[in-house]
Trainee: 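Could you have a look at this structure, given as structure tokens, before my questions?
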Protein chains: 2
Amino acid sequence: MAEVPRPSSRPLKRNEIRAQNEALILRAAEKVFAEAGFGGATMQLIADLAGLPKANLHYYFATKEELYRRVVQDIFEIWLQAAEAMDGADTPAEGLGAYIEAKMDISRRHPDGSKVWASEVMHGAPVIQDYLETTLRDWTRGRAALIQRWIDEGQMAPVDPEHLLYMLWATTQHYADFGHQIETLNAGQPLSDAQWREATETVKQIILRGIGALRD
Amino acid sequence: MAEVPRPSSRPLKRNEIRAQNEALILRAAEKVFAEAGFGGATMQLIADLAGLPKANLHYYFATKEELYRRVVQDIFEIWLQAAEAMDGADTPAEGLGAYIEAKMDISRRHPDGSKVWASEVMHGAPVIQDYLETTLRDWTRGRAALIQRWIDEGQMAPVDPEHLLYMLWATTQHYADFGHQIETLNAGQPLSDAQWREATETVKQIILRGIGALRD
DNA sequence: ATTTTTATTGACCAGTTGGTCAGGAGGTAT
DNA sequence: ATACCTCCTGACCAACTGGTCAATAAAAAT
């Protein structure tokens, strides 16, 4: 594995050193955890990818699990932020369309984070169970209520809001989590800009039409 | 972990012993691989769950990887078989509807296998890459052609067939792979019969309507 | 009955892993 | 300058892992 280069090499202040090394380690950890899973990842691999001695990792992150937890939290934060695209929209087509676009964009830009999250949930969420039960549950309830409002207003068909949300998550995250499979079926090539656009449009079209949010 | 009991305890012929122990080990392995990932799974854990000494596992499966490969192949076979539900259908509503139902059923009955597959693909398909490039690629091409035929016949809207397939996989498998998350959001309870039916119907409705395969 | 093949298992091993630690280097404040 | 705090790292270790093996039991074939 090639090392991740440091952004620059001018003299560093202490604040910067900490911030920079943590970021460096987190980036390497995200990749290694995504590729090998928690159990398959080793601190040595992460250290090599970050270009630091293993002992240095333990200086910034006491345990492998602490490092892992940070990686999982980071992707969760990114998703929460993307969810804001859904608020402030008047119509389902607008709100859900923007949410789909935001999540597809994240799948493209943070495939490793998505995989780590998927892996964590698949294994029973041993380290982020509390997030599921608090933040995620609240978030889901709120958005389900928003969707229900749209249904009550006659702006979309009466579908179960939670299952609709699951469908959005499943479909968008699939492009990150199963990216390798998609790439293999795409003649071994990563999706091009145009293909990502087509994927996003297809997903939007099928779902928005499927819930009767498109006038046609 | 509690042991998986042997089906019966009458005197066994050699054929039966082999078949029974392999099945016993495979079932335990599927569960452990699903819960811990390949790297996190240990032969000792699998042995304990199967109720056999670890050395006995190595008698039937030479290496951990060989055992793992068998687990992955098994779920793949199950999915291929389910795909036949799609053939012989005259309309997209019929064919895709049956396929969705079959895949939802598998997600419910074989959640562990689905997770192992997902994990394998997420980590770059190190042991089943050839399957992706041969069987899966051929299968996908064939079904995409079938969908394209439906489009050409005017039986459904012109959506990209491959992205539609990805959407079917993503949505149905999500109920297995992210089952823990769904359960957590469902007040910690597994989905009931009625909830599984509602999930299946919601998925079918949104997708079939989304591709214009439902007359309404 | 005896030989041969298959199945079983406790004990063992070499390699790897997460994590520790003492000692030193390098900024920062006084 | 010097005392102090943060940062760095090679060497080390106890625990665990996949896998081996020789000895034994059980069944099948002769």
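It should be emphasised that the depicted structure is a prediction, and the values quoted were computed from it without experimental measurement. A note on names: the letters A, B, ... follow the listed sequences, proteins ahead of strands, and every chain is numbered from 1.
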Trainee: Side-chain N or O of B:Asn21 versus OP1/OP2 of C:dT8: is the shortest distance under 4.0 Å?
Mentor: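 Answer is yes, contact under 4.0 Å.
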Trainee: Less than 3.5 Å apart, any donor N or O on the side chain of B:His174 or A:Gln173 sitting next to an acceptor on the other?
Mentor: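 The answer is no; no qualifying pair exists.
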Trainee: Take the C1' atoms of the five end pairs on each side of the helix from C:dA1-D:dT30 to C:dT30-D:dA1, get both axes, and report the angle to 10 degrees.
Mentor: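 Rounded value for the end-axis angle: 10°.
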Trainee: Which atom pairs link the protein and nucleotides 15-22 of chain D when you take only N or O atoms and keep those under 3.5 Å?
Mentor:
from   : atom 1 : to      : atom 2 : distance (Å)
D:dG18 : OP1    : B:Ala41 : O      : 3.1
D:dG18 : OP1    : B:Lys64 : NZ     : 3.2
D:dG18 : OP2    : B:Met43 : N      : 3.0
D:dG18 : N7     : B:Lys54 : NZ     : 3.0
D:dG19 : OP2    : B:Lys64 : N      : 2.6
D:dG19 : N7     : B:Lys54 : NZ     : 3.0
D:dG19 : O6     : B:Lys54 : NZ     : 2.6

Trainee: For side-chain contact (heavy atoms from CB on, under 4.5 Å), just list the numbers for A:Leu96 and A:Lys204, CA-CA rounded to whole Å, side-chain angles, deciding distance to a tenth of an Å, and then say yes or no.
Mentor: CA-CA 8 Å; A:Leu96 296 178; A:Lys204 270 173 62 180; over 6 Å; no
Trainee: Can you check the A:Leu57 CG to C:dG18 C1' distance for me, whole Å?
Mentor: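 The answer, rounded to whole Å, is 11 Å.
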Trainee: Can you give me the closest heavy-atom contact between B:Met104 and B:Ala199, atom names plus distance?
Mentor: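 Reported closest heavy-atom pair: CE-CB, 3.8 Å.
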Trainee: As an exercise, state the distance from CG of B:Leu191 to CD of B:Glu198, rounded to the nearest 0.5 Å.
Mentor: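 Those atoms lie 10.0 Å apart.
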Trainee: Rounding to a whole Å, what distance do you find between A:Phe61:CZ and D:dC8:C1'?
Mentor: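 Value for this atom pair: 16 Å.
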Trainee: Compare side-chain N and O positions of A:Tyr59 against OP1 and OP2 of D:dC8 and report whether any pair is under 4.0 Å apart.
Mentor: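 The answer is no; no side-chain N or O of A:Tyr59 sits under 4.0 Å from OP1 or OP2.
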Trainee: Between atom CG in A:Asp48 and atom P in D:dT9, what is the gap in whole Å?
Mentor: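 In whole Å, D:dT9 P and A:Asp48 CG are 13 Å from each other.
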Trainee: Provide, to the nearest angstrom, the distance between the CD1 atom belonging to B:Ile17 and the P atom belonging to C:dT5.
Mentor: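 Computing the B:Ile17:CD1 to C:dT5:P distance gives 18 Å.
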Trainee: Round to the nearest Å and state the distance from B:Glu16 atom CD to C:dA7 atom C1'.
Mentor: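 Result: 15 Å.
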Trainee: Taking OH in A:Tyr131 as the centre, count heavy atoms belonging to other residues, nucleotides or ligands within less than 6.0 Å. Is the count above 12?
Mentor: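 Check fails, neighbour count at 12 or below.
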Trainee: Return the set of residues passing ring-ring contact (aromatic ring centres under 6.0 Å, His included) with B:His163 (not counting sequence neighbours), or none when no residue passes.
Mentor: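 Scan of B:His163 (ring-ring contact (aromatic ring centres under 6.0 Å, His included), adjacent residues dropped) gives A:Tyr175, B:Tyr166.
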Trainee: If you count heavy atoms of other groups shown closer than 6.0 angstrom to CZ of A:Arg137, is the number above 12?
Mentor: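 Atom CZ in A:Arg137 is packed in, count exceeds 12.
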Trainee: Below 4.0 angstrom from OP1 or OP2 of D:dC8, is there any side-chain N or O of A:Tyr60?
Mentor: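 Yes, A:Tyr60 has a side-chain N/O under 4.0 Å of OP1/OP2 on D:dC8.
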Trainee: Take atom CG of A:Asn56 and atom P of D:dT9, then tell me their distance rounded to the nearest Å.
Mentor: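 Between P of D:dT9 and CG of A:Asn56: 6 Å.
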Trainee: Run the numbers on B:Arg143 and B:Asp87 for salt bridge (charged side-chain N to carboxylate O under 4.0 Å, His left out), then give the verdict.
Mentor: CA-CA 9 Å; B:Arg143 308 305 145 135; B:Asp87 300 322; 2.7 Å; yes
Trainee: Output the rounded distance in Å from CD1 (A:Ile46) to P (C:dG18).
Mentor: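 About 8 Å, once rounded to whole Å.
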Trainee: Between A:Asp74 and A:Arg27, is the closest basic N to carboxylate O distance under 4.0 Å?
Mentor: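 Salt bridge absent between A:Arg27 and A:Asp74.
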Trainee: Return no unless some side-chain N or O of B:Arg18 is found under 4.0 Å from OP1 or OP2 of C:dT6.
Mentor: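 Checking B:Arg18 against C:dT6: no side-chain N or O falls below 4.0 Å of OP1 or OP2.
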